[in-house]
Each structure stands twice: as C-alpha cells, then as structure tokens.
Amino acid sequence: MSVAFRRESDEEHKEPRFELPIPPGPNLVTPRGLALIRTRIAELRGDVAAATEEDARTLAERDLRYWSTRETTAEVAAPATGETVAIGTRVAFTLGGASREIEIVGFDESDPAAGRIAFSAPLARAMIGAEDGEMCDFGGKADAIEIVGITPAH
C-alpha cells in the first residue's frame, strides 16, 4: 500500500489549537473587571480538575493560561471622579442626534450589548479626557459627540 493512503493517526488532521491572543497595550481594569478575571480563573481551575477528556482539559488549560496572564498584568485604573471621561465612568452623550449611555471598562470586561466598551475602543478613545458639555471629534467628523453626563461607575 502506498504511503499516500496511510494515516498514522487522527491527530495529524485536527486543527491546531493556538494560544488565545493577548490584546496589545496596557491591561487596565476596573475593580469589577479584576474580580471577574479572578472568578473566571477559579471556574477554569475547576474545569481543569474536573475534565475527563484530554481535549476538554487542553482547552481549559489554554484558557486558564490566558486569564492567569490577564490577572498578572492587570493594572487597576485609578478610581474615576466623574469630572472627566475615564475608565470606570458611565458617560451619557449624543452622537448623530441620538442619546446614548456607555460605561468605559477594561478590555476583558467589555460587553457592547450591555453598554460596556473597552477603553481602547475608538468611541471610548474619542471621549476619554473630555468634560461634561464638551464636544468631541469622532469618525472623521468634528464635534460629532456631545458629552451630557459623566458619573463614576460602580
């Protein structure tokens, strides 16, 4: 039989599993974000211990490496005062005539559907440092965003 028709094992044909990519830049987090990271690590340690299949264990160990790195590199942002837009603030603003509200958080805590965006997102970057009533450029348009309220998030 030709070597071309032999398969040594199924392992040769599986998709490779790469490490989860670590986002570039500082790992700023809110106190809530750090707590979420620690909760996720505890869950994954349990998953690793309980895994009976090698694939499940391998995936849980990979995720645990990611979250452990995120915990190690986490820098808790200074508490927000609400005077300017910063990580840890809730911001009310108008954009394109529509009123919106978001919370600016760390990368791993972001959840756009829940109104939490990462400090590194373009919208957050456009507003960080702005004060209540200030206009900000966004999307190539001057004064596209008007800040109408800033409060420290909990």
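For reference, positions follow the sequence shown, starting with 1. Side chains are part of it too, since the values below use all heavy atoms of this structure and drop only hydrogens, waters and symmetry mates.
- Checked against side chain to side chain contact (heavy atoms under 4.5 Å, CB included), Ala74 has the following partners two or more places apart in sequence or in another chain: Asn27, Val29, Leu34.
- Residue pairs meeting the side-chain hydrogen bond (donor to acceptor under 3.5 Å, both in side chains) criterion with at least one member in residues 137-150: none, sequence neighbours excluded.
- Residues forming a salt bridge (Lys or Arg N to Asp or Glu O under 4.0 Å) with Arg62 (at least two apart in sequence, or on another chain): none.
- Closest of all the heavy-atom pairs between Ala124 and Ala118 is CB-O, 3.3 Å.
- Contacts classified as side-chain hydrogen bond (donor to acceptor under 3.5 Å, both in side chains) and involving residues 40-54 (residues at least two apart or in different chains) are given here: Arg40-Glu43.
- Nearest heavy-atom pair, Arg90 versus Gly115, reported as atom, atom and distance to 0.1 Å: NH1-O, 4.2 Å.
- Ile22 is not connected to Leu59 by any chain of hydrophobic side-chain contacts under 4.5 Å among Ile, Leu, Val, Met, Phe, Trp and Tyr, and they are in different clusters.
- Taken to the nearest 0.5 Å, the CG atom of Leu20 stands 10.0 Å off from the OG1 atom of Thr69.
- Closest approach of Cys136 to Ala130, counting heavy atoms only: SG-CB, 3.6 Å.
- Under the rule for a side-chain hydrogen bond (donor to acceptor under 3.5 Å, both in side chains), the partners of Thr30 that lie at least two apart in sequence or sit in another chain are Glu109.
- In this structure, the side chain to side chain contact (heavy atoms under 4.5 Å, CB included) partners of Pro23, at least two apart in sequence or on a different chain, are Tyr66, Arg70, Phe107.
- Taking a 4.5 Å side-chain heavy-atom cut-off between Ile, Leu, Val, Met, Phe, Trp and Tyr, the cluster of Leu36 contains only that residue.
- A side-chain hydrogen bond (donor to acceptor under 3.5 Å, both in side chains) check over residues 124-136, counting only residues at least two apart or in different chains, returns nothing.
- Residues satisfying the side chain to side chain contact (heavy atoms under 4.5 Å, CB included) test with Ala114, not counting sequence neighbours, are Asp111, Arg116.
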Review point. Step by step, would you call Thr89 with Thr151 a side chain to side chain contact (heavy atoms under 4.5 Å, CB included)?
Key: CA-CA 6 Å; Thr89 57; Thr151 55; over 6 Å; no
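- For CZ of Arg65, the number of neighbouring non-hydrogen atoms (other residues, nucleotides, ligands) closer than 6.0 Å is greater than 12.
- With a 4.5 Å cut-off between side-chain heavy atoms of Ile, Leu, Val, Met, Phe, Trp and Tyr, the cluster of Ile87 takes in Leu28, Val85, Val91, Phe93, Leu95, Ile102, Ile104, Ile117, Phe119, Leu123, Met127, Ile128, Phe138, Ile145, Ile147, Ile150.
- Listed by first then second residue, pairs satisfying salt bridge (Lys or Arg N to Asp or Glu O under 4.0 Å) with a partner in residues 71-86 read Arg38-Glu71, not counting sequence neighbours.
- Residues satisfying the side-chain hydrogen bond (donor to acceptor under 3.5 Å, both in side chains) criterion with Arg57, sequence neighbours excluded, are absent altogether.
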